[in-house]
Every structure is written in C-alpha cells, then in structure tokens.
Amino acid sequence: MYLAKIYVSHKKSILDPQGEAIKSALHRLNYNDVNSITQGKYFITKLDSQSKSDADQTVRSICKDLLVNQNMETYQYELKEV
Amino acid sequence: MYLAKIYVSHKKSILDPQGEAIKSALHRLNYNDVNSITQGKYFITKLDSQSKSDADQTVRSICKDLLVNQNMETYQYELKEV
Amino acid sequence: MLKQAEKSPEEIRDQKIYRQWGMSDNEYHTVVNKLLHRLPNFTEAGILAGMWSEHCSYKNTKPLLRHFWSKGSKVLEGPGEDAGAIDIGDNQAVIFKAESHNHPSYVEPFEGAATGVGGIIRDIFSMGARPVALLDSLRFGELTNQKNKFLMDRTVDGIAHYGNSIGIPTVGGEIGFDSTYDKNSLVNVMCVGIENQDDLKQDKASGIGNSIIYVGAKTGRDGINGATFASNEFSDSKESDRSAVQVGDPFMEKLLVDACLDIIHHHSDILVGIQDMGAAGLVSSSAEMASKAKSGVDLNLDLVPQREPHMTPYEILLSESQERMLLCVKKGHEKTIIDIFKRFGLDGVVIGHVNNNGQYHLTQHGETVCNIPVHTIVDDVPEYTHPIIEPDRIKHPAADFVPTVNDAGQMLAKLLSQPTIASKQSVYRQYDSRVQTNTVVAPGSDAGIIRIRHTDKALAMTTDCNGRYVYLNPEIGGEIATSEAARNIVAGGGLPIGATDCLNFGNPEDSESYYALAKSIDGITKACKLFDTPVISGNVSLHNETDRKPIYPTPLIGMVGLIKHDDEITTQDAKHAGDLVYIVGKTYDDYSGSEIQKLIQHQISGRIKHFDLQTENKNRKLVYQSIVNHLVQSVHDLSEGGLGVSIAETLFKHDFGFNGQLDLLGRQLFAETQSRYVITVAPKQKNAFEKLMGDCVKQIGQITKEPIVKIKLNDQDVNMNETDLKQKWERGLN
Amino acid sequence: MRFAVISFPGSNCDRDLYYAIVDSLGEQADLISYTSTDLSKYDTILIPGGFSYGDYLRSGAIAKFAPAMKSVKAFAASGRPVIGICNGFQILTEAGLLPGTLQHNTNISFISEWEPLEVVNNKTPFTNQYQVNQKIKLPIAHGDGNYYCDDDTLKSLKQNHQIVFKYRNNPNGSVDDIAGIVNRKGNVLGMMPHPERATEKILGGQDGLTLFQSILNSIKVRSLS
Ligand SMILES: Nc1ncnc2c1ncn2[C@@H]1O[C@H](COP(=O)(O)OP(=O)(O)O)[C@@H](O)[C@H]1O
Ligand SMILES: [Mg+2]
C-alpha cells in the first residue's frame, strides 16, 4: 500500500477571492501579523498499486484528470510506501 | 518573517462527503488502485511576527478562531522562519 | 503570464506584431496613414487592436445587425447601451440582454460560465435596473463523450455558483446536444432587470473636469487580450497555449450591485455615467463613455488599483479582471460617491478626468503612454461585409426523410430519453430559482415567470433556438427560433414584448457561415416585426469552429413577455383528470432536422417545409386570447419530439394518463411541424373554448386519472405506462 | 411587533424576509446592517440566507465575527427569539448559538426544491401554530445543508426536544433527517428550509407564514402573562 499527500494551490497571478476574504477577516480580528494567506486543497490518498512507480503514475494521472484544475492550480505531492 | 503551512482535515469519525464523491468519481474513471481519499484544506500564511513563539501563538489562535471548525476538523501545522 | 517586452513603434511595424492581436495589415495601415499620421506605440497599437476586435467593435456584423427591427412604441432604449429597455406600464421598465461566453467556457468551464453570468449582470445593473432573473442556453457535444459530460457538469456548476451566490434566481433556460458542438460548446446567459423609468441610466462621460472613478476588484493580468482571444478560431494544435483565465467573485459583484444601485437611485444628480468593464476592460469602458459624450479623457494609470506589481499600460488597459465598474461623477462630488462605496466595503478611486480635446490620454509614472483621439478608438473602426454563398445543402437539399415507425409507443419512450428532450431537472435543481421571492413558475414549464412585486403584473421569459433548423435553412430557422420563443411566452400566459439575441456562428469570412448569419437575421427580423417584439439588445459570437468546421448556426433568441394580471399565469402541466385535450395547429410529415431524424439517421438533412409565419401568428394570438379569457387549464407548445413528447410532458407533473384518438399515422406523432400547442380545457368550458378557437383546434382526447397513455392512430395504437415513460424522461440526462 | 433582519455583506435573502414580515405577516421590520449593535427596539431577530462573505472558508465562518453578532448573542441570552435561516443557520452554528455544523450536501451539488417536511415539535415560539407531526412543504436552496453533530449532541437534542423540523425524504444527508433545531432554551431556531419563500399563495404555498404567525402569537402570549 502506498500513501500520497497531494497539495494543490492557486497559480500565482490568478485572483484568489477566498484568500483575500480570509485575510481581511483576520485583519478585522486584529491579527495584523498576518501578511498573506492563501487556501489550497490537500488530499491524502491510499493506493493499492503494485509498485511505487505504478502508484506514482496513478497520482499524476488522478491529479491531471480530476484533482487539479491545471488552468488555475498547481500541485506537489509526496509518496511513500506504508 | 515566518511561514506557516497549516493542514486542516476532517475528523476521522465524520463522514467526508467531498472525499466520498471524489473517490467514486475516481472509480468511475477506472482508478481502482485508489483505496481511500480524503480532501482537506491547506493554508499557507506569511507572518510578520516578532519571534517564532509569537508566530506560533498567532497560528494557533487563528486556527482556533477562524480557520478550523473544531466540531469536525482537526489541524496540524509547520512553522519556519524565512 | 503573457508578459510582453514592449516593442518599439518601428518594431511593431516591421515585425507586424499587431497581427498577434488580430489586427490586419490593412487596418494597421489605416491607423498609421489615415488616422494617426504616425506610428502607434505599443500601448496604442494594443488598444486599437483590442477595441477594433469583432468582440468590441462588431466590425463584421454591424452592417447586418442594422437590419434588426428595434423600434416598437414601447422601446425606451434600443441596442447601443449596455442593455435595452422596454416600457411595461406603471412607469416601470424591463431591461434585458443575453451574452455568450463560449470560448472561455470551453477552456475553463467553471470560471468561464461563472464570469459569463457576472458579465451579463453588470450590463443590467449599470442601466440602473435591479437584476431579477437569469436564464441560460447551453449546447454541448454528445454526452457519450466524457469530455462533454465534464464540460456540461462544470459549466452548470459555474452558473449555479455565481447566480446562487449573488442571489438572482435562474428561472429558465435550455440545453441541447449535437456533435457539431463537440469542440465549440455554447454558453449563453440572459439577465433581466426591472427599474423605474426615471432611473434609466446611460453610460456617458461628459462635462469637462468631471471625475472618472474606478471601483471593484483590482486589476490583474487576467484575460489579457481576451477580446481578441474570443474572436480567434481554435485549432487543435493550439490547445496547449491557452491561459489568462479570469476568476469570478460573486461576493464582490453583490457588493457592487447594491452600491451602484444605491448611487444610481439616490444620487443621479451627481452621477454622469456608469459602465461595466467587460471585453477590453478599462479601455473599452472609458473610451466608449467618452465617445458617447463626444469628449476625451485623461487617465493616470498609477492610480488604477492593481493586483500585481509592474503591470504595463497595455496590461492595465486590456486586463479583463472581473467585477469592476467605471463611473463618471460631477466634479466636486467625488467624496459623496466614494463614501457610499466605503459603506458597502468597496474602494472607489478617482483615476482621471474628462477633457475637452477629444483625446484618449494616458499617463504612467509621469509619462504619456497613449495619446490618440477617442474617435479613432471607438468610431473609426472599419466595417466589413463579406460575400455570401448559399450552401449546397440548401440549394440542393437531400430528399426529405420519412421515418418508418412500427411501434410508436416504443419510439416515444426512446425519444423521451434523448438528452436534448429528457428532463433537465438534474441541471436546474442546482440553480436557486426562488431567491428574491418573486418566482411563480420555476424551470420546468415553457416559460419562467416572476411576478412584479406590489403590482398585479408578471414577466414571462424564455431562451430558444433550434440550430438544426437554422442549419437546414437559416432564414426559416431564424423565423422558427423567434416563433418558438414567442410560443413559450404565450404558453405561460405572456404577451411577447421584446427580444434579445446571441448570434453564435462560425468564421464570418467563410461565405457560407456569413450567408447563414445574414439570412437568419432576416428571418428573425421578419418574425419580430410581425410579432411586435423589437430586438433591444444582443451579442455576437463568431469563429465557433474548429479546423474549419463550424457549429450549426445558432442564433439564440431570448424573449420577455408581459403578463398583465397574475391570474393569467399558465403552466404546461395538466391539472385535472377529465379535462379535454386539444391540439392547436395542423400536423404534416415534417422530419427535416427533427429529433427522430437524428435518432434514426444520426445526422440531419432535408428541407424545412410547411412553416408559415402568418399561421404561427394567428395560432399564437388565439391561444393568448383563450388564456386571457380564462378558458384553459394548461398550455404547452410543441417543439423537439413533436406531439407525442408534448402530450407526455403535459402528464408528468401529476402522473395523469391520456386517452385519445388522432387522425394521424404513428410516425406523425413525432413530426416537428411548427405553430402547434397542446391545451387542456375543463369540460364546462368546452363550448366557449371551441367557439373562440374555431378550426385551428381539434379535440384529441382526455386526461385520465389512471396513468396510462392510450392513443388510437390510423395505423396502430399506443398503450404505455405513464410512469415508465416518465422514468425514461427523468433519466435521460444521467 | 418589530422584527430586525440583519444584512451581512453577501446576504441575499434579507429583502425576502423583510417583505415576508411586512407584506405577508403585516408587521414591522427593519433591514439593519451587520455593523449595528443596538437591537433594543426589536422583538425578534432574523438572520437571513445568502452567501455571507461569499461563503469563503466555510459558510457562516466569517460572519460570526460581525459587530452585530455580539448583540445577537446578548439578545438570545435574554430569552428573546432569534431565527437563522439557511446561511443564517450556518452562522448561528459557527457562532456557537446552536450545536452542530452544516457541511456539504452528500451529493456535493446545490439543491433547489420544494421539500416535504414534518413539524416534530410544535411547542416552540416558532411552531406553536402548527400541529405536531404536521406535514408541510417549504423550499430549500443550499449546497451546505447537511447537518452534522456527534452522537452525544444528537442524544441531547432528542432528549430536550430540540429537533423542530425533519425532512421526509432527506435530500442532503443530514443526521437524523434534521432540517431545523432550537437551542436548549428554545428561543434560538436554525433551519435550512426557507419559510420566507412560502408566505404567499402565488409563490406556491403558505406553510412558511405559519412560522412567523407562531412568533407573533408567542410574543403576544408572553406579553399578556
Ligand atoms: N439550462 C437550463 N437552465 C434552466 N432551466 C432549464 C435549462 N434547460 C431546460 N430548462 C428548463 O426545462 C424546461 C424544459 O426545457 P425545454 O425542453 O428546452 O423546453 P421548451 O422545449 O419548451 O423550450 C423549461 O422549463 C426550461 O426552462
Ligand atoms: Mg416549450
């Protein structure tokens, strides 16, 4: 079994209204230390793949096919055997 | 400046409708390797705090006050100076 | 993203940089030799290319669009403003317009559709109207292809996301599927608003020294060159280099609607003009406002709120960041306006002033970066007419197709499960159709209907177009699209009062595409004149083609009808067992472009016959009269799938059955002859109804409590369970 | 009788509630800003549906910090009636005035429908004009309407008769078919369905009007006693 952690974030330069809304809410709550904040998605998936390279292949494909909107998002992942 | 990465996930005991929906979509796409998948949130925030312990304090507070709904979510974070 | 190193004027000329922006050599030479008498710099050339694109200037279609009929005694504002306006009595006006967002929604369906909704809403409230309803019109390739299913799901998500969040009910729409839309799906959205006539606002920047105020989202590098992009043909090889996705923020737009309406309604004395920033963003809104007032503007680009550092003038001017508005405000009153924005949580910023020299004059970092006449940007755009050629399929149509139908019951079940005919509930249940608490008829009947609060009136609205008919005969297809819209309005109890359009076509330089465009405009115009439904606004989307294969020409018609008393509101579903069922209009062997032809032959061909505008008009008037006289229980117009499908749809809501006899053959249940309706009438009103309708109706049966559909035909009988049919219909989209 | 409807940035059912009170119920109402803190003029507070702060982060999460919410808490503590509808319900749970959380519908999509419900408890200030177990129909329109609470909370909701409305064909996956609950004291109601959309015949039903009439009745009874 393999475990992958996938982190998806907004591409830079794309409008992130959610990040803006959270930031201004934090400033209203007087968390003035907060210089910037962005919200991304984070997936944890367990894979029954035959090999690590199969698992790696699956992770890339599911990101491309479903989890990540490549028009607007980028991703990184970590994969290990468990 | 400090950088915090905050990972928010559904508490284990709670049904995660989004995770379930993603899993069944992946199975429809024939990704049968995928044994389980959960979706969480992932925040990246930059903090202008005076010290690491101040930054740490801020991260905990903003999670408690706003970023995390403790009824159903848990979180972890990493903090480093940048 | 698209960060361009700025080329010098000479480099632009020598390397023909303007071509990348969609400007032709001829156009560039006109600018240099006839208009500016010098070489434009990078910013100026970029501005001109953007503003001279089809999307902003309508240079290829203006000569044709002038043919539309937009007079009518009730028209308060015709085409030319952000949206048109029609008098609906009580000093009120209805404002509406439709717009396409096809290419962006193909590239990024969720955000493309969402920002399409956002854009059309801005056109409505910038006229001073409160947006009260949305409708959509969608076309995709066949759902057997996963990609099309994905496009549909994400598009619907995007529309729902924006409309639900901003709180405007989506009360109607349509969806169709044909492989012709495979790589060119269509996403058209219509918005309807209501306002007091005194508040009607024009978008003008006039009065020397008056201030130009910017409000809304900050300007980023999104959608740069969107205007030229929207007018560029796709080809498969280009699939990878698309970028510049615009993201919609309905929350910001909600604040903008409320703030701008507050200003328009309470401070019209100091507000000179207001316009949204749509295609070609800041340059288009500011230059058009100045052009209408025959003035010029001085803008300081350093003052424009920017999301990213180091933006060039070109990027700032042509950015298509969403949720931005531009206002022209009387000198000395800027603070009043800015304070109102502040109250709504928005930052209004003065970015420049109106000047009296007619120049579009921009500075950045203290230097002039653009100084050209407003006139050149907006009014000196060349106009093109193109040759037209009647396509072979129209000149020499294939022999008319006549289906063989041995089991009409099974055929009915099959047709009901075709995605184009099947229930669209799985789509429209994602749309909040009742927010604002005015919705009387939500999606699911022929027309969406909202009441006008504190009056006895209501508005019926619909979007319609069958591209297959337009493909087979653009002129008649245009007449039919308009007729179908009017039929849907009348079926809801409305008197059609005006129309808008979205002309979705292929490349105008293709003579057959241009023929379709010209002829369908002729058809629409003929019908609109006869129906007294002036076209008060519209939108054009060309180049809907991939590798030279255009879509079916699809001139969407959006129509609005006035219901004078809310007790005239009518729906399509049968109300009581025992009611009599009538058909209005004659049925012929019409299968060209029909759903049954597509089902059997997997393609369409033939001539469109038996359509007559006069008959259409006569039937419609009689049906309307029968509603106003309170003689009917339900009215449903016939469209795809013909009489069989319409009878079935009349039964579904309350699970009734039908028992009837028709002087027709089995196949004719599915003929798509136009100008027809299915009407149910209470037995006690039989005589009055028949007397009014005369020989244009025929009784065909009765509504039964038992949910069984029994039809005696000349060559066979139909005997089907209503519940089975309904299940097929309900599951067709999934 | 005077109702306050609190408009947050992004609320979109605030005007609908206002009209329901003024036009259908025939009582007085004010639309007040999320920055207002003086609620002393009012007999009942209504927190409307919509997408406060764009529903960014989580629905209702940001609105709970609006200045008016402090006063709403004090108002509720004094035992006077507070209703949160749809996004208003989400705000009340985020603010801790009601237990539990509203999460994504199980099918993830937004659902807009007339929904059949059952009145489970008619002994509240909000439901005293309904019959117990009465079947009613109200519109829903939400993407995050899936009510969740842990088992202990559910147990205590049941014990204290805090479940007020239930779905008859659970559309969104809510625990125990819950569509609306009150707090322990019974003076704060949160519900996903929209009663304000069902106060006029022409809109398809009037089952929602009964809810507002119940409040009138309970306030009148209280002021008599
Ligand atoms: N994309 C859509 N959005 C909203 N409502 C839709 C959509 N597609 C279809 N509907 C609704 O479903 C019903 C049937 O649609 P349709 O079959 O196109 O009707 P018609 O043939 O009368 O034009 C109508 O009430 C229509 O408003
Ligand atoms: Mg119809």
Side-chain angles (χ1 to χ4, degrees), chain C residues 130-132 153 156-157 159-171 248-259 323 343-346 425-444 449-454 456 458 563 565-567 569 571, chain D residues 7-24 31 33-35 48-57 59 62-63 66 86-87 105 107-115 138-144 171 193-205 208:
Chain C
R130 181 168 290 283
V132 295
D153 289 348
V156 167
D157 252 9
I159 294 171
H161 163 68
Y162 210 102
N164 297 352
S165 176
I166 197 166
I168 302 172
T170 302
V171 302
D249 180 4
F251 172 56
M252 171 70 82
E253 182 126 320
K254 174 80 168 75
L255 304 179
L256 277 178
V257 178
D258 292 342
E323 290 93 23
R343 186 149 56 71
F344 285 89
L346 296 164
Q425 203 216 9
S426 60
V427 168
Y428 60 69
R429 89 196 285 250
Q430 297 181 50
Y431 299 151
D432 187 345
S433 48
R434 295 184 185 84
V435 62
Q436 297 192 11
T437 52
N438 291 319
T439 305
V440 184
V441 181
I449 299 179
I450 59 161
R451 57 93 182 267
I452 303 177
R453 196 184 286 283
H454 299 147
D456 195 19
I563 297 172
H565 303 287
D566 54 29
D567 61 358
I569 293 172
T571 55
Chain D
S7 303
F8 295 86
S11 293
N12 65 28
C13 303
D14 42 352
R15 290 156 51 94
D16 304 4
L17 264 169
Y18 172 86
Y19 287 123
I21 300 300
V22 174
D23 290 354
S24 304
L31 281 173
S33 161
Y34 67 106
T35 55
F51 289 71
S52 56
Y53 296 94
D55 265 6
Y56 292 126
L57 186 61
S59 37
I62 298 181
C86 201
N87 192 234
N105 298 348
N107 73 348
I108 303 300
S109 312
F110 195 93
I111 306 175
S112 162
E113 293 277 15
W114 279 91
E115 201 59 48
L138 294 178
I140 60 165
H142 57 243
D144 297 342
H194 287 274
E196 81 280 13
R197 296 187 184 187
T199 65
E200 296 175 70
K201 236 173 147 182
I202 192 173
L203 302 180

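Here the structure is a predicted model, which means the values were calculated and not measured. All chains are named by letter (A, B, ...) in the order of the sequence lines, taking the proteins before the strands, and each is independently numbered beginning at 1. All heavy atoms count here, side chains included; hydrogens, waters and symmetry mates do not.
Put simply, the side chain of C:I166 does not reach to within 4.5 Å of the side chain of D:N12, judged on heavy atoms. Counting only heavy atoms from C-beta outward, the side chains of D:R15 and C:R453 never approach each other to under 4.5 Å.
Aromatic ring centres of C:H454 and D:Y19: separated by under 6.0 Å.
Between chain D and the options C:N438, C:V440, C:I569, C:N164, heavy-atom pairs under 4.5 Å are most frequent for C:N164. Ranked by heavy-atom pairs under 4.5 Å with chain C, the first of D:G50, D:G54, D:C13 is D:G54. The most heavy-atom pairs under 4.5 Å with chain D, out of C:I168, C:D566, C:D432, C:D157, come from C:D432. Counting heavy-atom pairs under 4.5 Å between each of C:G345, C:G167, C:A458 and chain D puts C:G167 at the top.
To the nearest 0.5 Å, the span separating CD on C:Q430 from CD1 on D:I111 amounts to 9.0 Å. Considering OG1 of C:T437 and NE2 of D:H194, their distance stands at 10.5 Å, rounded to 0.5 Å.
Nearest heavy-atom pair, D:G10 versus C:K254, reported as atom, atom and distance to 0.1 Å: CA-CG, 4.2 Å. Closest heavy-atom contact between C:T439 and D:L203: O-CD2, 3.6 Å.
The contact between C:S165 and chain D is made by backbone and side chain atoms together, counting heavy-atom distances below 4.5 Å. Looking at C:R451, only its side chain comes within 4.5 Å of chain D, counting heavy atoms on both sides. Interface remark: D:D55 contributes no atoms to any contact with chain C (heavy atom separation under 4.5 Å). Neither the backbone nor the side chain of D:S33 comes within less than 4.5 Å of any heavy atom of chain C. When heavy atoms are compared at a cutoff of 4.5 Å, C:Q425 approaches chain D solely by way of its side chain, counted from C-beta outward. C:D258 does not touch chain D: none of its heavy atoms, backbone or side chain, sits under 4.5 Å away. Proximity to chain C is limited to the side chain of D:N107, based on heavy atoms less than 4.5 angstrom apart. For D:P9, the parts sitting under 4.5 Å from any heavy atom of chain C are the backbone and the side chain alike. Of the two parts of D:R197, the backbone and the side chain both hold a non-hydrogen atom closer than 4.5 Å to a non-hydrogen atom of chain C.
Inspection of the D:Y56 and C:D249 side chains reveals an N or O donor paired with an N or O acceptor under 3.5 Å.
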